[in-house]
Amino acid sequence: MSGEHKYPTISFHISPREREEIEAKILASGLKKKDYFVRSCIYNRFAWLEEKSWSISW
């Protein structure tokens, strides 16, 4: 069907400083941007805001 994608798109807003840091890490990794984000989200720790306090997941 026209206009439908097989896989969903994930997007978010970042500051210019955050973008510079992310782009530098992607370049240093040697991975494609998509692969870097997928691997970072699946295999690395991350933090999220829950009821005004930060949590870390390993």
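FYI, side chains are in, hydrogens and waters are out, and symmetry mates aren't considered; it's all heavy atoms of this structure.
Linking ILVMFWY side-chain heavy atoms closer than 4.5 Å, directly or via other members, places Tyr7 and Phe12 in two distinct hydrophobic clusters. In the hydrophobic clustering of this structure, Val38 groups with Tyr43; members are Ile, Leu, Val, Met, Phe, Trp, Tyr whose side-chain heavy atoms approach within less than 4.5 Å, directly or through other members.
At distances below 3.5 Å, not a single donor-acceptor pair connects side-chain atoms of Glu23 with backbone N or O atoms of Glu20. At distances below 3.5 Å, not a single donor-acceptor pair connects side-chain atoms of Ser40 with backbone N or O atoms of Phe37.
To the nearest 0.5 angstrom, Arg39 atom CZ is 9.0 Å from Lys34 atom NZ.
Under the 4.0 Å criterion applied to side-chain N and carboxylate O atoms, Lys25 and Glu21 are not assigned as salt-bridge partners.
Shortest non-hydrogen contact noted between Ile22 and Ile14 is CD1-CD1, 4.0 Å.
Legend: residues meeting side chain to side chain donor-acceptor pair (under 3.5 Å) with Thr9, ordered by chain and number and at least two apart, are absent.
Counting heavy atoms of neighbouring residues, nucleotides and ligands inside a 6.0 Å radius, atom CD1 of Ile42 exceeds 12 of them.
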